[in-house]
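Everything on this sheet refers to the single structure shown next.
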Amino acid sequence: MKRILFNIAAATVLFQLASCKKDEFLNPVPTNQISDLSAFDSDLRIEGQVKALYATIKNAGLYGGRLQVFNDIRGVDFVNERTNVVTGFDVYNYGPANSSGNSVEAVWSRAYYAINLANVFLAGMDSKGESVVGATKANAYRAEARLVRAMCYHAMLNLYARPFWDGNGSKPGLPLRLTPNTGSSNFDMARNTVAEVYTQILNDLNFAETNLPLTNANATQNVIRAHKNTAIALKVRVLLGMRRYADVITEANKLVPATAPFVAPTGVRHALNASFNTTFTNYTTVESILSMPFYSNEAPGTQNQLGFYYRHDSQAGGGAEYSVNPAGVFANAGWKAGDARRAQILTAASKPWLNKYTTAAPYTDWAPVLRYPEVLLSLAEAITRSTNTVDARAIALLNAVRGRSDASTVFAAGDFANADALADAIMIERRIEFLGEGLAGFDNTRLGMPLPAKPGVTAVPSTGQNYIWPIPASELQLNALMTDN
């Protein structure tokens with residue numbers, strides 16, 4: 001079927017596809033736009049396109065907030081209060097059964113939009129950009145584009161495809177689009193396997209690690225743009241989802257020394273902040289590996305903002321969309337009242353609400369994507385599951401994360417009857433530490449756990465039809481080779 005998957009002219013304010021040269025005087029390029037003929041003429045213009053890639057993935061439907069929410073509410077630790085499909089009520093109910101639903105369409109369309117931008121950029125670098133900036137800088141820019149592409153494919157795999165453990169990646173994954181769509185052509189494409197998509201993700205991230213700089217220009221740039229340790233941390237997450245625990249250990253060891261204090265030995269010196277709350281008031285500390293930045297003149301957009309979803313409307317205009325489930329991890333007896341992370345849960349209208357994101361409307365809290373404690377806990381989990389032992393280093397990593405917020409709790413080997421008990425404690429710690437940061441759905445499905453029962457919703461077994469999302473109706477209509485889940 002003939003179609004244009006994405007209108008590149010609308011994809012970015014940085015450049016617009018122009019007509020051929022002989023039509024230059026009949027169809028001049030507006031003075032406030034840059035044509036494809038000159039988009040790669042200077043380092044400034046090329047870097048502007050790279051920045052546009054980040055702007056695209058922090059927009060509606062992806063890492064600017066809504067993707068984190070969708071993954072949070074596929075867990076058990078939040079309760080829907082508004083029954084609003086626009087803000088994920090169908091996702092909360094372990095749908096969305098409707099392939100035309102807003103959530104299903106939003107993530108898919110935004111992710112492929114960003115993927116195509118990355119592909120267009122990579123093609124432009126091959127044809128012209130490298131000759132302008134030189135091979136080293138060209139590969140650094142390519143690395144950022146490929147990292148963004150990997151992030152998009154990984155986000156979609158976790159929602160629209162069966163987990164890797166089901167058939168060792170042999171189940172239908174996603175159409176793996178690696179060339180740009182810039183005109184009218186036949187873009188029908190069948191689904192690659194889950195394993196094939198994961199292979200491409202890891203190829204992109206390996207290239208990114210090799211070619212990204214050790215550090216960027218300053219602390220802000222180290223959080224909002226990728227560097228070597230960003231690629232490594234993303235590989236840790238991807239490999240954890242594949243249950244390749246030995247490889248998780250190999251990658252995480254690049255960022256985590258053998259013993260405390262745990263500080264990344266090279267590149268950006270990632271470490272835990274002394275105070276948990278600092279991470280959510282100062283967005284550019286070394287604890288934050290990657291975040292999506294927002295400002296008063298560059299807000300997340302209506303109904304995308306993390307603060308809007310999780311804060312009560314009495315808390316500086318929160319949307320009161322999702323309260324904290326009092327029967328979820330909030331009720332865990334080991335999560336003590338003195339834990340600093342408890343202070344981020346406030347009571348309003350007789351219910352607990354997450355107040356991790358504290359800025360008032362227009363909710364300009366930066367959206368976290370990767371933090372250093374995730375690497376620590378992923379490493380602890382990988383050690384535990386791969387050795388099947390109550391490992392001392394795994395306990396030390398768990399203690400580092402817990403002790404930062406609750407010095408009164410120190411885990412010891414005797415606290416765990418076996419490796420399964422230690423693994424369970426690590427998973428509880430992930431739920432506490434990353435409450436409202438979008439890891440719940442990922443953690444459930446990568447481990448083959450049911451999507452849990454919660455108020456008004458029954459559990460979904462890992463074999464259930466709605467364990468993953470349907471393919472969007474628009475893709476099924478326009479791609480003749482596409483098949484639904």
Side-chain angles (χ1 to χ4, degrees), residues 67 70-71 74-75 91 94-97 99 103-104 107-108 111-112 115 149-178 188-206 234-252 378 381-382 384-388 419-420 423-424 427 430 438-452 458-473 475-476 479-485:
L67 181 64
F70 290 159
N71 278 289
R74 281 169 60 80
V91 178
Y94 300 144
S99 60
S103 305
V104 171
V107 175
W108 184 278
Y112 270 117
I115 287 166
R149 184 169 70 183
M151 289 175 64
C152 292
Y153 275 122
H154 191 245
M156 289 193 291
L157 273 184
N158 290 324
L159 294 173
Y160 300 97
R162 293 291 301 174
F164 190 87
W165 57 260
D166 188 1
N168 199 35
S170 62
K171 296 299 174 69
L174 306 163
L176 197 53
R177 300 185 183 276
L178 303 176
D188 291 338
M189 182 177 284
R191 299 171 72 168
N192 291 80
T193 67
V194 168
E196 288 170 335
V197 181
Y198 269 115
T199 295
Q200 182 60 48
I201 290 170
L202 291 171
N203 285 342
D204 281 345
L205 293 178
N206 285 332
L234 281 166
K235 279 197 285 182
V236 169
R237 179 183 288 181
V238 170
L239 291 164
L240 191 70
M242 301 174 75
R243 302 189 187 179
R244 287 172 49 176
Y245 298 125
D247 292 326
V248 171
I249 294 169
T250 297
E251 295 297 330
S378 295
E381 181 184 347
T384 302
R385 296 193 191 279
S386 62
T387 64
N388 197 33
D420 287 342
D424 288 345
M427 297 309 298
R430 284 174 70 94
L439 291 185
F442 170 66
D443 283 346
N444 281 331
T445 56
R446 69 178 173 84
L447 293 172
M449 297 187 297
L451 300 179
T458 58
V460 174
S462 62
T463 55
Q465 177 70 26
N466 53 338
Y467 197 66
I468 58 175
W469 286 8
I471 299 300
E475 183 72 19
L476 295 170
N479 183 351
L481 298 180
M482 192 65 190
T483 56
D484 203 354
N485 289 324

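For the numbers below, each heavy atom of this structure counts, side chains included, while hydrogens, waters and symmetry mates do not. Numbers here simply count residues along the sequence, with the first being 1.
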- Item | Worked check of side-chain contact (heavy atoms from CB on, under 4.5 Å) between Tyr160 and Ile468 | CA-CA 6 Å; Tyr160 300 97; Ile468 58 175; over 6 Å; no
- With ring centroids as reference points, do Phe70 and Trp469 lie under 6.0 angstrom apart? yes
- Item | Side-chain touch Trp165/Met242, heavy atoms, less than 4.5 angstrom | no
- Given side chains that start at C-beta, do those of Tyr467 and Pro163 come closer than 4.5 Å, heavy atoms only? yes
- Task: Please check if the side chain of Asn388 supplies one atom and the backbone of Thr384 the other of a donor-acceptor pair under 3.5 Å.
- Result: no
- Heavy-atom donor-acceptor pair, Asn71 side chain to Ala440 backbone, under 3.5 Å: no
- Message: Quick check: do Phe442 and His154 have side-chain heavy atoms less than 4.5 Å from each other?
- Response: yes
- Message: Phe164 vs Arg243, test: side-chain contact (heavy atoms from CB on, under 4.5 Å). Steps then yes/no.
- Response: CA-CA 8 Å; Phe164 190 87; Arg243 302 189 187 179; over 6 Å; no
- Under 3.5 Å, side chain of Asp166 to main-chain N/O of Arg162, donor-acceptor pair present? no
- Taking the side chain as every heavy atom from C-beta outward, state whether Pro452 and Tyr94 have any atom pair closer than 4.5 Å. yes
- Query: Taking atom CD of Glu475 and atom CE of Met482, what is their separation to the nearest 0.5 Å?
  - Reply: 5.5 Å
- Query: Just by distance, do the side chain of Asn192 and the backbone of Val197 share a donor-acceptor pair under 3.5 Å?
  - Reply: no
- Carboxylate-amine/guanidinium contact Arg191 Glu196, below 4.0 Å: no
- Message: If you compare all heavy atoms of Ser386 against all heavy atoms of Tyr245, which two are closest, and at what distance to 0.1 Å?
- Response: CB-CB, 3.9 Å
- Query: Stepwise, does the side-chain contact (heavy atoms from CB on, under 4.5 Å) test hold for Tyr153 with Leu176?
  - Reply: CA-CA 9 Å; Tyr153 275 122; Leu176 197 53; 3.8 Å; yes
- Backbone N or O of Met189 within a donor-acceptor pair of the Asn479 side chain at under 3.5 Å? yes
- Message: Are the side chains of Thr193 and Pro172 in contact, using a 4.5 Å heavy-atom criterion?
- Response: no
- Note on the structure: The reported gap from CG in Leu240 to CG in Asp443 (rounded to nearest 0.5 angstrom) is 7.5 Å
- Between Gln200 (side chain) and Leu178 (backbone), is there a donor-acceptor pair under 3.5 Å? no
- Query: So do Arg149 and Ile201 actually touch side chain to side chain, heavy atoms under 4.5 Å?
  - Reply: no
- Note on the structure: Minimal heavy-atom distance between Ala480 and Asp188, with the atoms involved, is N-OD1, 3.1 Å
- Message: Evaluate Arg385 against Leu447 for side-chain contact (heavy atoms from CB on, under 4.5 Å), listing each step before the verdict.
- Response: CA-CA 11 Å; Arg385 296 193 191 279; Leu447 293 172; 3.7 Å; yes
- Task: Using the side-chain contact (heavy atoms from CB on, under 4.5 Å) rule, pick out the option among Val194, Ile115, Leu157 that qualifies with Leu174.
- Result: Leu157
- Any side-chain donor near an acceptor of the partner, Ser378 and Arg430, under 3.5 Å: yes
- Taking the side chain as C-beta and beyond, is there a heavy-atom pair between Ser462 and Met449 under 4.5 Å? no
- Query: Does the side chain of Arg74 come within less than 4.5 Å of Leu159's, by heavy atoms?
  - Reply: yes
